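Reading through the C-alpha cells given below for one structure.
Note that this is a predicted model, so its numbers are computed, not measured. Below, chains carry the letters A, B, ... as their sequence lines are ordered, and counting in each starts from 1.
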There are 2 protein chains.
Amino acid sequence: MAAQRKTVTLLEVNSTIRNMKLPAKGVLVSRAAEITQELQQGVPKPFKAVISVHFGDGHAMGMKPITFIRQVMAACFYPELLDSEQLPDDVRSRAKIQLQKCDGGSIGSYCDSSGLLHVRQSVSRYIERRDGGVPCDPGDIYITGGAQRALQLVLKMLVHSEGHSKTGVLVPVPSYIRFNNAVEEQGGVMLPYHLSEEQSWELEIEELQRALRTARGQKCSPRVLYVINPGNPTGQVQSRKSIEEVIRFAAEEKLFLMADEVYQDNVFGDDCEFLSYKKVLFEMGPEYFHSVELTSFNSISKGFAGECGFRCGYLEFVNLDPQVRRYAQQVNSVECCPPTPGQIILDTLMNPPLPGEPSYPSFTAERQASLDTLAHNARLAERTLNSVPGISYVPVQAAMYCFPRIHMPSRAVQRAQAQGLAPDLFYCLRLLEETGVAAGPGSDLGQREGTHHIRFCILIPTEKLQVVLSSLKSFHLKFTQEFS
Amino acid sequence: MAAQRKTVTLLEVNSTIRNMKLPAKGVLVSRAAEITQELQQGVPKPFKAVISVHFGDGHAMGMKPITFIRQVMAACFYPELLDSEQLPDDVRSRAKIQLQKCDGGSIGSYCDSSGLLHVRQSVSRYIERRDGGVPCDPGDIYITGGAQRALQLVLKMLVHSEGHSKTGVLVPVPSYIRFNNAVEEQGGVMLPYHLSEEQSWELEIEELQRALRTARGQKCSPRVLYVINPGNPTGQVQSRKSIEEVIRFAAEEKLFLMADEVYQDNVFGDDCEFLSYKKVLFEMGPEYFHSVELTSFNSISKGFAGECGFRCGYLEFVNLDPQVRRYAQQVNSVECCPPTPGQIILDTLMNPPLPGEPSYPSFTAERQASLDTLAHNARLAERTLNSVPGISYVPVQAAMYCFPRIHMPSRAVQRAQAQGLAPDLFYCLRLLEETGVAAGPGSDLGQREGTHHIRFCILIPTEKLQVVLSSLKSFHLKFTQEFS
C-alpha cells in the first residue's frame, strides 16, 4: 500500500493555484539563508553578514520601533503595567481606553470580522483629516490582517474565473507581486499596462487604453483597474492631473478602481505631495464622487512605524453597491476577525500623542527620525547609483525602494539564459554570493522586455545602506568587466 | 451620472460567494448589540446585561488570561522591560530568546510565510511528546493566522469548482459553520453526514458510507473527509476504535482526511482521552501510516489559554505529496506571513515553565483553574439541563459548548415559520429578549430535520453560567406554556 498513488496528486490541485506564477526570488531567499548558516559555521566569505534588502522590512534590518506604540501594547498585554511608574501617564491612559473597548477587557477576545468599532472610527476620522474634510463613514472601513488580505477580500468578491466572463484586471508593470498572485489565485486575467520609465515611471493614459484594447481579444471582461500610488517598486507620486485622468478613464470604461495607497506616509521628494484618489474624486464634483467605485488600501507595515509582523491593514469602500457590501461582509466573516494587536497599533498611529502629553516629544522625534532616514537614504542612493556606468536610475520620490535599471552585457544575458535564469536573477544571485547583499530581481515585478532591474529597500539604517550601495557599485563594475 | 448603474452590482459578484449560506445568527448578534445599547440608554429590561454565549470566547465573558504568557508578550513588545524587576526572571529570559529569533530582534518584522522556524520546531516537539514519540518534522508544520486560515489553505489547494470534477467534501452535521462557509467559498460540494445524537453524537461508519453513496448522484468527486474531534458543537470524544474505522474508510475510499483537533486540550469527561488521528494512524502500522493523507489543525484560541484575538493556529501535513506541498507553500506565501504575537504565544504554550522556574507555580495553577472551571461548568450544565422538561441533553465530554435539544411546541414552530425564521432562531431571539442570554441556533450548525437545538459556550465564569442556565430553564418553561 505504501507505493500506492496519493489521493491528492499534482493533478488534483486546484488549477488556478497550479497556474500561479511563483516569484523567482525564492531561490535567492533560500540561498541567502544558506549563506547566513555558512557564515555561522565559519565558512570564509568576502563579507561578514547577509544584508536582505529584497523586501520592505525596516525592523528586520535594524530600524527601531516607535516607543510609544510599543509601550501602549505592553500595557494592553499585561494590564498590571497600567499602574507602573515605568510607563508614562499618557501610555497608561491610552492602554486603559483600549482595554475598555475590547470585549471582557481583554485584547485576547475576538472582535467583529470588520475590526474593532473604535478603530474603524479612528480610521475614518484620520481619513477625513487627511483629505481636508471629505466625509468618511466608519461603516465603509474594513480592518484586515494586513493590506494584502484587504486586496484579497476585494478580489475574492469581484473576480470570476468562469468561462468567457473571466474578470480582467488591469495591473501596472512593474507591480506589487503579491497582488498579481492574488489575481491569479482567483483565476482572473491579468491585463498589464506599463509605467513609463522614460517619463519618471509615469502612468500614461494612452497605455491604459492600449492595455484595455488588447483585453478585448482575450475573452475576458475587464472590470478592475489596480493602481499603486505612491509607486512600488518605482517610487513615483501621481500628480492631481494624473489621478484625474485615471478616474475619468475608470468612469468611462466602467472599471472598479483599486487604489493601493500603502506608501501614503512615505513621500519625501521635493514638490511632491500625496493626494488620495478619494480626495481627488471628491474634488472632481458629485458627478464623479457619487458614481466611481473605489477601494483604497493602507497598512501599518509601511509609513514610519513599519510594524510588518503584526499584520494589520484596512480598506475603505467608496460607492460600493449596498447589496454587494453584504457579500464583502460575508467573505470577511469566514475569516473570524483580524488580529487585535495590530488593530491597537493602528488606532494608536491614527491618534498620536498631542502637544503637552508626556510622550509627544519622543513620539514626534522618533517619527521624524524614521522619515528623515528615508529621505536621506534616497538622496544617498541617487548620488551613488547615478555615478555607476551601466546603471540608470530614476530618482524615487516616495515609498521605500530603489528600482535601478541594470544594463547587462549580452554575454551575461547569454550566461544567465544558459543556466535557465532570468538575467536579473542571475545578477542578483552573483551580487549575493560576492557581497552578501540580497536584492530582488525586476523580472519578478515585471519590466519591459529586454530591460533588467533590481529592487532594494532603502528604509534601513544609513550605515547599512552605505554598505549596500558601495557593494553594488564595485560588484557592478566587476561584473560588467567580467562579461564584456 | 449619479443614478447610473454601478460597475459592480450583485450580478458581478463571484457566484461562489453569492451562493454562500450566511449564519442566521447574524440577526441575533445585531439584536444583542442593540439591546446592550438600549441598556446603556436606560431602557428598562428584565435583565441587567446581555450575556453572549453564542460563540467560544472565554476572555470576552470574563475568563482571565494566563499571566506568564502575557508577561512574556509585554517584554517582547517593549524590550526595556527585559531589565525590569517587575517581571520574573524566567519571563525575561524567555522574552530575550524570542526576540533573538526574530529578524532584527523585533517582533515587528516579517517572518517566513509558514511561520517562525523556532515556533515550528517547538510545535513539532510538542506533537511528538503528545503522541508518545511518533515523529513530527517541523517542515510539515505551517503556522497560520488562526486555525480557520489553515483550513482555508488546505481547501484552497484541494477544492475545484469546475464542472463535473467539483470537489465533494464530507462534513459532519452538526458542524463548525465557518468550515462549511470555507468549502462554499471555494465552490466545493458539501456532502453532509449526520452524527448520531442517540448514540451520544457518535460518528457511525455506516452513515459515512451512506453520505458517500449519495454523493455519486451529485456530479462531484468526493475527495475530502472533514472530522472534528473533540466535537464542536457536540462535545464528544472519539474512541480509538472509532478513529481507526474512519481512517480505514478514508484509506478505502481514497479520501484526504482533515482532522480538526482544536479542542484537544479541552477534554474533561470521565474515562475520556484525546487521541490524535496521527497517533492512531501511526499505531495502525506502516501500511496506513505511510499512505493515508492527513492534515490536523490546532489553535491558540481554544485550550486553556483561549487567546482568540491574536489569531494563531497551525496545521500538520502527514503524507502530503511533495509536489503538492510546493503549492501549499505558494498559496500560503500570497498572504505574507502569520502575525508574530500569536506565534510567540503559541511557542510559549508549547514550552510552559518547568518545575523550579519562578513562574511554574502560577502558570500551573492558572491552567488548572481554567480547565477545572470548564469541567465544573459541564457538570453544572448537565444537572440543570437534565432537570428541564422539554430539553434533552447529551452530556459533553470535551470542547467548550453545550448543544441541548429543544422540544418546541408545534404552535411555536408555526409562529416561527410565519415570521420566516428557523424555529430555533425564533427560540433564541425570544430567549435574548426576555433574559439577555444570546445562544446560537442549531439550524446554523446543521441538525436532523425536525429537531431543534441551541448551542452555548460553557468556558465562562461559573457565576455567569449559573445565570445562563437558570435563565434558560425559566424561559423554557414559560415558552412551552405560552405555545402549548
Side-chain angles (χ1 to χ4, degrees), chain A residues 1-2 4 6-10 13-14 17 20 22 57 59-62 65 70-71 73-74 77-78 81 84 86 103-104 106-110 145-146 148 157-160 178 181-182 185 254-256 287 290-291 293 307-311 321 323-324 327 330-331 334-336 339-341, chain B residues 1-2 4 6-10 13-14 17 20 22 57 59-62 65 70-71 73-74 77-78 81 84 86 103-104 106-110 145-146 148 157-160 178 181-182 185 254-256 287 290-291 293 307-311 321 323-324 327 330-331 334-336 339-341:
Chain A
M1 197 156 167
Q4 224 180 334
K6 297 275 184 202
T7 301
V8 178
T9 64
L10 208 52
V13 172
N14 186 338
I17 302 297
M20 274 170 66
L22 264 183
D57 183 352
H59 285 213
M61 289 294 98
R70 295 305 197 85
Q71 287 175 327
M73 293 311 298
F77 266 92
Y78 183 46
L81 295 171
S84 163
Q86 218 173 337
D103 283 344
S106 169
I107 56 167
S109 53
Y110 286 120
Q148 176 64 12
M157 284 204 309
L158 304 186
V159 173
H160 300 245
R178 289 183 202 271
N181 288 152
E185 189 182 51
K254 298 206 65 61
L255 297 168
F256 187 99
E287 177 192 9
H290 293 138
S291 71
E293 288 142 89
E307 296 282 18
C308 311
F310 305 125
R311 317 305 309 121
D321 186 313
Q323 286 196 289
V324 174
Y327 289 94
Q330 184 155 336
V331 174
V334 179
E335 325 215 330
C336 298
T340 337
Chain B
M1 197 159 166
Q4 226 181 331
K6 297 275 185 202
T7 301
V8 178
T9 64
L10 209 50
V13 172
N14 186 339
I17 303 297
M20 272 169 67
L22 265 182
D57 183 352
H59 284 212
M61 287 297 99
R70 295 305 197 86
Q71 287 175 327
M73 292 312 297
F77 266 93
Y78 183 45
L81 295 171
S84 164
Q86 218 171 337
D103 282 344
S106 169
I107 57 167
S109 53
Y110 286 120
Q148 175 66 11
M157 282 204 310
L158 304 187
V159 173
H160 300 245
R178 289 184 204 271
N181 288 151
E185 189 182 53
K254 296 207 65 63
L255 297 168
F256 186 100
E287 178 192 10
H290 293 138
S291 72
E293 287 143 89
E307 295 284 18
C308 311
F310 305 125
R311 317 303 311 117
D321 185 314
Q323 286 196 290
V324 174
Y327 288 94
Q330 183 156 337
V331 174
V334 179
E335 323 214 328
C336 297
T340 336

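Contact of the E293(A) side chain with the V324(A) side chain is not registered, since no non-hydrogen atoms from C-beta on lie closer than 4.5 Å. Between L81(B) and Q86(A), some side-chain heavy-atom pair lies under the 4.5 Å cut-off. Using a 4.5 Å heavy-atom cutoff, the side chains of R70(B) and S106(A) are in contact.
Contacts between V159(A) and chain B at a heavy-atom distance below 4.5 Å involve the backbone alone (N, CA, C, O). The part of Q148(A) that comes within reach of chain B is its side chain, from C-beta onward, which places non-hydrogen atoms under 4.5 angstrom from that chain. Of the atoms belonging to Q323(A), heavy atoms from both backbone and side chain fall under 4.5 Å from chain B. Looking at E185(B), only its side chain comes within 4.5 Å of chain A, counting heavy atoms on both sides.
Qualifying salt bridge (charged side-chain N to carboxylate O under 4.0 Å, His left out) partners for E335(A), counting only residues two or more places apart in sequence or in other chains: R149(A), K156(A), R149(B). F77(B) is linked by a ring-ring contact (aromatic ring centres under 6.0 Å, His included) to F77(A), F310(A), counting only residues two or more places apart in sequence or in another chain.
With chain A as the partner, the residue from Y78(B), F256(B), Y110(B) showing the most heavy-atom pairs under 4.5 Å is Y110(B). Top candidate by heavy-atom pairs under 4.5 Å with chain A, chosen from G62(B), A182(B), P65(B), P341(B), is P341(B). For the set S109(B), G104(B), G145(B), the count of heavy-atom pairs under 4.5 angstrom toward chain A peaks at S109(B).
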Worksheet item: How far apart are the C-alpha atoms of C308(B) and H59(B), what are their side-chain angles, what is the distance that settles it, and do they pass the side-chain contact (heavy atoms from CB on, under 4.5 Å) test?
Response: CA-CA 8 Å; C308(B) 311; H59(B) 284 212; over 6 Å; no
